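Reviewing the structure listed below.
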Amino acid sequence: MFREFRVLSIPVNIVTFTTAIHSCCHLNTLDYAFSLLAGIIKSGWVPDVFTYNTLIKGLLSQDRPLEAEHLFRKLIRFREIQPDVVMHSTIIDGLCKTSNTSMALKLLRKMEGIGCKPDVITYNTIIDSLCKERRVDHALDLVSEMTHKGISPDVITYNCLLQGLCSSGRWEDVERLFSEMSVRKIYSILHTYNILVDAHCKEGRTKDAQDVIEIMIQKGVPPNSITYNTLMDGFCLTGKMDRALEVLNTMRSNGIAPDCYSFNILINGYCKRQEVDKAINLLRQMPVEGIKADVQTYNTIIHGLFQMGRHNDVRSLLHEMLKKGNKPNIVTCRILLDGLCKNRYMDEAISFFRMMECKGIFSKFELAHHI
DNA sequence: ATAGGGTTAG
């Protein structure tokens, strides 16, 4: 069915509407996206699999996985559309991101059962989830399975596996997989190198991390802010704050501007060493460099202050945070609760907890994901 | 023409 519609005498169709819905989802105005959908239907248009998938993805990115799943089921039950590989993959991703990998695997089998062939993205989504759960061998089984089906693993597949093997400390397998990539002509990209830099840093091997950075430069893959931030964190972890600060200068001289993340890492480094005043100095340096502190920045310092028993400073920093328009999140609440309890302010802790309950800060989804 | 996947701190 084709009907032409005009808005301000510009012809529009279902593609235009889907694009508009996509924008709404991206702008976090999901309600508006759904009212657009209602409007489309009311005007006699037929939303297609693109339209619905955009909405499902929107619900997922707004941490509303149950509604996404509900919509998916409803579409099937009422035969509104025939879910394709993309929609299945979107739902599979939603399941994976809410720690339902086994259900994701079931859906993979189910889609195959109805003749909807999974592709490399479908597999990568599950492989990544398995790797994050440290079930790397299961992930490797899926890689053989996809290969047998003629679906070639790509650089993202390898990145997921490398990440999983690194987290499990399986360095020999990392080496093997890394050379396998060259053999199969799958070229490492920035992402790949960043995973390796991070793995070395997490193990305290900052020298090896620096070697990886040298290699990537040689291979024509210049490091980005994530690479340098990761290295900075590595130096912080090994207590080398001066080296971490040097990285900040290296970034600048390589034309990469430090970001909020860079400062948060250094601030965290100082707080861990109970040098909260140095952390606060950095907080003051941020606006000078045109960087706005975020919730994370404040959370870290508040946590540090509590650990030193400086609850009066916590109070003023909390006020500053609110005044500057930073909305406390579930982590802030947890830090405050924990800090109040540990500093024997039980009455305050309890009344704060009640307030959080009232304000609904403990939404079901957040609870499931952060506690 | 429009939709889906991987990296850094707490």
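Values in this document were obtained by computation on a predicted structure and should not be read as measured data. A, B, ... follow the sequence lines: proteins, then strands. Residue 1 opens every chain.
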With no angle test and no hydrogens, is the base of B:dG10 tied to the side chain of A:N264 by a donor-acceptor pair under 3.5 Å? no
Step through the shown structure and confirm whether more than 12 heavy atoms of other residues, nucleotides or ligands are within 6.0 Å of NZ on A:K292. yes
Using 0.5 Å steps for rounding, measure from the CD1 atom of A:I92 to the CG atom of A:N100. 12.5 Å
Give the rounded distance in Å between these two atoms: NE2 of A:H26 and P of B:dA3. 11 Å
Base, sugar-phosphate, or nothing for A:T227, non-hydrogen atoms under 4.0 angstrom? nothing
Looking only at the side chain of A:V15 (C-beta and beyond, no hydrogens), which of the listed nucleotides B:dA1, B:dG4, B:dT8 gets closest? B:dA1
Assess the residue pair A:L317 and A:I280 against the criterion (side-chain contact (heavy atoms from CB on, under 4.5 Å)); give the C-alpha distance rounded to whole Å, side-chain angles, the decisive distance to 0.1 Å, and a yes or no. CA-CA 10 Å; A:L317 208 66; A:I280 294 174; 5.5 Å; no
Provide, to the nearest angstrom, the distance between the CD1 atom belonging to A:I156 and the P atom belonging to B:dG4. 13 Å
Name the nucleic acid region contacted by A:T90, choosing base, sugar-phosphate or nothing; use a 4.0 angstrom heavy-atom cut-off, strictly under. sugar-phosphate
With heavy atoms under 4.0 Å as the rule, sort A:I81 into base, sugar-phosphate or nothing. nothing
Rounded distance in Å - CG (A:L75) to P (B:dG4): 16 Å
Distance in angstrom units between A:D84 CG and B:dT2 P, rounded: 14 Å
Do the side-chain N and O atoms of A:R284 and A:N281 include a donor-acceptor pair separated by under 3.5 angstrom? no
Is there a side-chain polar atom (N or O) of A:K132 under 4.0 Å from OP1 or OP2 of B:dT7? yes
Length of the line joining A:M111:CE and B:dG4:C1', which is rounded to integer Å: 11 Å
When only distance counts, do a donor and an acceptor, one from the side chain of A:S89 and one from the base of B:dG4, lie under 3.5 Å apart? yes
Could you tell me how far apart A:F50 (CZ) and B:dA1 (P) are, to the nearest whole angstrom? 10 Å
How would you label the contact of A:V85 with the nucleic acid (heavy atoms, under 4.0 Å): base, sugar-phosphate, or nothing? base
Please, which pairs that meet ring pair (Phe, Tyr, Trp, His ring centres under 6.0 Å) have at least one residue in residues 280-307 of chain A, sequence neighbours excluded? none
Calculate the interatomic distance between A:Y261 atom OH and B:dG10 atom P; express it in whole Å. 9 Å
Before accepting this row, confirm whether a basic side-chain N of the pair A:R109/A:E112 lies closer than 4.0 Å to the acidic partner's carboxylate O. yes
If you take atom types as modelled and just measure distance, does the side chain of A:N229 reach the base of B:dA9 with a donor-acceptor pair under 3.5 Å? no
Look at the side chain of A:Q296 and decide which nucleotide, out of B:dA9, B:dT7, B:dA3, has an atom nearest to it. B:dA9
Could you check which of B:dG10, B:dG4, B:dT7 has an atom nearest any side-chain atom of A:H191? B:dT7
Output the single nucleotide from B:dT8, B:dA1, B:dT2 whose closest atom is nearest the side chain of A:D48. B:dT2
Would you say A:K202 reaches B:dA9's phosphate, i.e. side-chain N/O to OP1/OP2 under 4.0 Å? yes
Establish, with yes or no, whether the OP1 or OP2 oxygen of B:dT8 is under 4.0 angstrom from a side-chain nitrogen or oxygen of A:N194. no
To the nearest angstrom, how far is A:F17 atom CZ from B:dA1 atom P? 20 Å
So A:I265, base contact, sugar-phosphate only, or nothing? Heavy-atom distance under 4.0 Å. sugar-phosphate
Kindly say if A:K272 contacts the phosphate of B:dG10, meaning a side-chain N or O under 4.0 Å from OP1 or OP2. yes
